[in-house]
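Basis for what follows: all heavy atoms, side chains included, without hydrogens, waters or symmetry-related copies.
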Amino acid sequence: MLEKTTRINFLLDFYQELLTEKQRNYMQMYYLEDYSLGEISESYQVSRQAVYDNIRRTEAMLEGYEQKLHLYEKFQKRKQVVEQLEQYLFDEANTEILELLHVLKELD
């Protein structure tokens, strides 16, 4: 469950602007703020089932965006390469390039 939550949170970071305000709110409440389906349904005065259905549809949309655009996949690959470069440069004690890599890392 933690892996799924982490993945959805990253997908939200990348694709939240493509969602409606309602979808964004439900997803943020459920995945970021750890609200239960019942708490969300009370806040919006809708059924628990309506919240559940909306969250599942939105998850599918986020996965669809990722299948087409691959932003999260590319982010993971960049992160992996940066970590490998950091380790290499740390081993070689090349502090100037290592500092530049830290700046690059902060941009993601």
Side-chain angles (χ1 to χ4, degrees):
M1 182 66 176
L2 183 59
E3 280 184 30
K4 178 182 178 182
T5 299
T6 302
R7 179 177 175 80
I8 294 294
N9 283 331
F10 273 111
L11 293 179
L12 275 172
D13 283 345
F14 289 112
Y15 303 115
Q16 68 180 322
E17 294 302 318
L18 301 174
L19 303 176
T20 66
E21 184 178 346
K22 182 176 165 184
Q23 288 171 322
R24 255 193 319 272
N25 289 338
Y26 281 11
M27 297 300 280
Q28 288 172 347
M29 290 174 81
Y30 189 72
Y31 281 104
L32 296 174
E33 299 170 20
D34 203 28
Y35 279 61
S36 69
L37 295 174
E39 291 170 324
I40 298 169
S41 70
E42 285 177 21
S43 295
Y44 284 89
Q45 299 175 344
V46 296
S47 71
R48 191 178 173 281
Q49 186 65 44
V51 173
Y52 176 82
D53 291 344
N54 188 295
I55 288 173
R56 294 299 164 246
R57 275 193 310 273
T58 305
E59 288 172 352
M61 287 175 66
L62 292 171
E63 291 294 349
Y65 294 145
E66 177 60 15
Q67 286 177 356
K68 292 176 180 120
L69 301 171
H70 306 286
L71 296 179
Y72 179 53
E73 178 186 336
K74 291 174 185 176
F75 166 77
Q76 287 182 307
K77 287 179 182 177
R78 275 193 316 274
K79 183 178 173 190
Q80 189 175 50
V81 169
V82 166
E83 288 171 358
Q84 289 172 340
L85 283 169
E86 270 183 325
Q87 186 58 49
Y88 173 77
L89 293 172
F90 182 76
D91 291 346
E92 299 296 317
N94 193 332
T95 57
E96 291 174 13
I97 295 176
L98 192 58
E99 287 175 23
L100 288 172
L101 248 176
H102 286 295
V103 170
L104 181 62
K105 196 173 177 181
E106 292 298 315
L107 293 176
D108 269 341

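With values rounded to the nearest 0.5 angstrom, Ser41 atom OG is found 11.0 Å from Gln49 atom CD. To the nearest 0.5 Å, atom CG of residue Asp34 and atom CD of residue Glu39 are 8.5 Å apart. Put simply, CG on Leu19 and CG on Leu12 are 6.5 Å apart, with the number rounded to the nearest 0.5 Å. Put simply, CD on Gln28 and CD1 on Ile40 are 11.0 Å apart, with the number rounded to the nearest 0.5 Å. With rounding to the nearest 0.5 angstrom, the CZ atom of Phe14 is 5.0 Å from the CZ atom of Phe75.
Nearest approach of Tyr15 to Leu62, heavy atoms of both residues: CB-CD2, 3.8 Å.
Looking at Tyr72 and Asp13, their side chains never bring a donor and an acceptor atom within 3.5 Å of each other. Looking only at atom types and distance, the side chain of Thr5 has no donor-acceptor partner in the side chain of Asn9 under 3.5 Å away. Using a 3.5 Å distance cut-off with no hydrogens or angles, the side chains of Gln16 and Gln23 do not pair a donor with an acceptor.
Taking hydrophobic clusters as Ile, Leu, Val, Met, Phe, Trp and Tyr residues chained together by side-chain heavy-atom distances below 4.5 Å, Met29 does not share a cluster with Leu32. Linking Ile, Leu, Val, Met, Phe, Trp and Tyr residues whenever their side-chain heavy atoms come within less than 4.5 Å leaves Val82 and Phe10 in two separate clusters.
Taking the ring centroids of Tyr44 and Tyr26, they lie under the 6.0 Å cut-off.
Within a 6.0 Å sphere centred on NZ of Lys4, heavy atoms belonging to other residues, nucleotides or ligands number more than 12. Atom OH of Tyr35 sits in a sparse spot, with 12 or fewer heavy atoms from other residues, nucleotides or ligands closer than 6.0 Å. Annotation: Glu33, atom CD; neighbour count of heavy atoms from other residues, nucleotides and ligands within 6.0 Å is above 12.
When each of Asn54, Leu37, Thr58 is tested with Tyr30 by the rule side-chain contact (heavy atoms from CB on, under 4.5 Å), just one qualifies, namely Leu37. Tested against Arg7 for a salt bridge (Lys or Arg N to Asp or Glu O under 4.0 Å), the candidates Glu63, Glu66, Glu73 yield a single pass: Glu63.
Between the side chain of Glu106 and the backbone N or O of Val103 there is no donor-acceptor pair closer than 3.5 Å.
Electrostatic pairing of Arg24 and Glu21 does not count as a salt bridge here, judged by no charged N lying under 4.0 Å from a carboxylate O.
Looking at Tyr65 and Leu18, their side chains come closer than 4.5 Å, going by heavy atoms from C-beta outward.
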Evaluate Glu83 against Gln87 for side chain to side chain contact (heavy atoms under 4.5 Å, CB included), listing each step before the verdict. CA-CA 6 Å; Glu83 288 171 358; Gln87 186 58 49; over 6 Å; no
Please walk me through it: do Asp53 and Arg57 pass side chain to side chain contact (heavy atoms under 4.5 Å, CB included)? CA-CA 6 Å; Asp53 291 344; Arg57 275 193 310 273; 3.5 Å; yes
Tell me, with the steps shown, if Leu104 and Arg78 meet side chain to side chain contact (heavy atoms under 4.5 Å, CB included). CA-CA 10 Å; Leu104 181 62; Arg78 275 193 316 274; over 6 Å; no
